[in-house]
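Working notes, structure below.
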Amino acid sequence: MSITGKIHSIETCGTVDGPGIRYVIFSQGCPLRCKYCHNPDTWNISHGQEITVDELIEDIKKYKSYINFSKGGVTLTGGEPLMQPKFAKELFRRCKEEGIHTALDTSGYIPLENVKEVLKYTDLVLLDIKSFDPDLYKDLTGVSNEPTLKMAQYLSDINKPMWVRYVLVPNLTDNPAHIEALANFLSTLTNIEKVEILPFHKMGEYKWEELGYSYSLKNTPTPSAETIEMAKNIFKKYKLKV
Ligand code: SF4
């Protein structure tokens with residue numbers, strides 16, 4: 001019997017979640033509550049749509065020619081895809097059978113034991129590190145950054161290709177000392193292909209309102225070009241590709 005997962009939505013021509021053109025699956029459910037989340041409608045795992053891996057693979061095959069031509073693949077994002085590790089593993093296992101590249105976008109807030117099987121079939125991890133500072137991370141997400149940092153170290157130990165994603169939010173994650181501490185940590189790892197700085201935006205604000213949640217970043221601006229440059233330069237100083 002085909003394994004079933006809970007998903008929020010699918011984007012068949014994604015270009016921002018990994019290399020090439022990608023079939024992007026947004027999984028349902030997330031244990032974090034990031035203040036800047038633009039997908040708060042993915043949080044509750046009891047919402048969303050049930051779908052089997054068979055159904056997804058049948059659909060993915062329709063796009064295989066342009067996925068392969070563009071050196072793209074399938075990306076599983078969320079929400080937090082590792083809340084459904086069996087589904088993630090089976091989906092990626094089947095993608096690999098089809099010769100399709102797999103990317104996993106995760107916050108890393110999951111016990112490592114639950115992840116190892118998924119990683120066997122994962123070509124690239126997009127690891128979201130929201131802050132290196134433990135107090136700020138907790139304030140920003142509601143949880144600890146320890147599991148995420150442990151996962152980063154583990155991915156380096158097994159030499160799994162990784163892109164680090166860092167959301168740059170004025171007055172929250174633009175503290176140069178915090179960025180520098182993260183860059184310093186990342187420079188000790190051996191698997192990082194690049195760091196992606198994602199400038200904060202408020203495109204998901206309306207969803208918070210629709211869901212009746214209070215959006216605390218209403219008055220936070222998007223980062224200036226100078227702030228983005230400042231962050232880039234810190235990562236570059238540590239020989240990280242941005
Ligand atoms: S980890 Fe992603 S989906 Fe979950 S709350 Fe944070 S930004 Fe939203």
Side-chain angles (χ1 to χ4, degrees), residues 5-11 14 16-18 22 24-49 74-85 87-88 91 103-112 114-115 118 122 124-152 155 162-174 178 182 195-218 220 222-223 231:
K6 266 292 189 69
I7 66 164
H8 171 271
S9 54
I10 290 167
E11 190 184 339
V16 294
D17 295 303
R22 309 196 69 85
V24 182
I25 302 158
F26 293 84
S27 62
Q28 187 72 27
C30 185
L32 275 67
R33 293 292 177 265
C34 301
K35 288 184 176 175
Y36 51 65
C37 182
H38 55 265
N39 291 322
D41 44 349
T42 64
W43 289 350
N44 189 336
I45 197 149
S46 62
H47 296 168
Q49 168 202 350
V74 167
T75 297
L76 186 56
T77 181
E80 172 50 68
L82 293 175
M83 276 186 86
Q84 304 178 72
F87 172 64
L91 174 69
L104 177 71
D105 181 17
T106 176
S107 68
Y109 185 71
I110 291 291
L112 265 180
N114 295 3
V115 181
V118 184
T122 305
L124 172 70
V125 176
L126 312 174
L127 186 67
D128 303 300
I129 304 185
K130 288 137 197 314
S131 175
F132 192 70
D133 182 80
D135 297 331
L136 179 66
Y137 193 99
K138 182 91 204 284
D139 178 55
L140 191 58
T141 66
V143 302
S144 158
N145 67 357
E146 246 178 67
T148 304
L149 300 180
K150 262 193 198 154
M151 187 178 295
L155 293 169
M162 174 163 102
W163 294 5
V164 171
R165 305 179 118 186
Y166 187 78
V167 181
L168 191 63
V169 191
N171 309 319
L172 261 180
T173 63
D174 61 348
H178 291 169
L182 174 60
V195 176
E196 286 189 321
I197 295 176
L198 310 177
F200 166 68
H201 62 72
K202 282 189 263 195
M203 286 189 286
E205 183 178 357
Y206 76 95
K207 294 188 189 171
W208 285 67
E209 280 160 14
E210 276 175 11
L211 291 162
Y213 302 147
S214 147
Y215 188 67
S216 61
L217 303 186
K218 247 182 207 326
T220 301
T222 52

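The structure presented is a predicted model; accordingly, all values stated were derived computationally and were not measured. Atoms within each ligand, like the ligands themselves, are counted from 1 in listed order.
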May I ask you to say whether Glu209 pairs ionically with Lys218, meaning some side-chain N is under 4.0 Å from a carboxylate O?
yes
Any protein N, O or S atom under 2.8 Å from atom 4 (Fe) of ligand 1? Found Cys30 SG
Tell me yes or no: between the side chains of Asn44 and Ser46, is some donor less than 3.5 Å from an acceptor?
yes
Considering only NZ, NE, NH1 and NH2 on the basic side and carboxylate oxygens on the acidic side, decide whether Asp17 and Arg165 come within less than 4.0 Å.
yes
Does Asp41 pair with Lys207 as a salt bridge, N-O distance under 4.0 Å?
yes
Winner among Lys130, His38, Met83 once heavy atoms are compared against atom 2 (Fe) of ligand 1
Lys130
Please give me the minimum heavy-atom distance between Thr148 and Leu127, naming the atom from each residue.
O-CD2, 3.9 Å
Among Tyr36, Tyr166, Tyr109, which one satisfies side chain to side chain contact (heavy atoms under 4.5 Å, CB included) with Lys130?
Tyr36
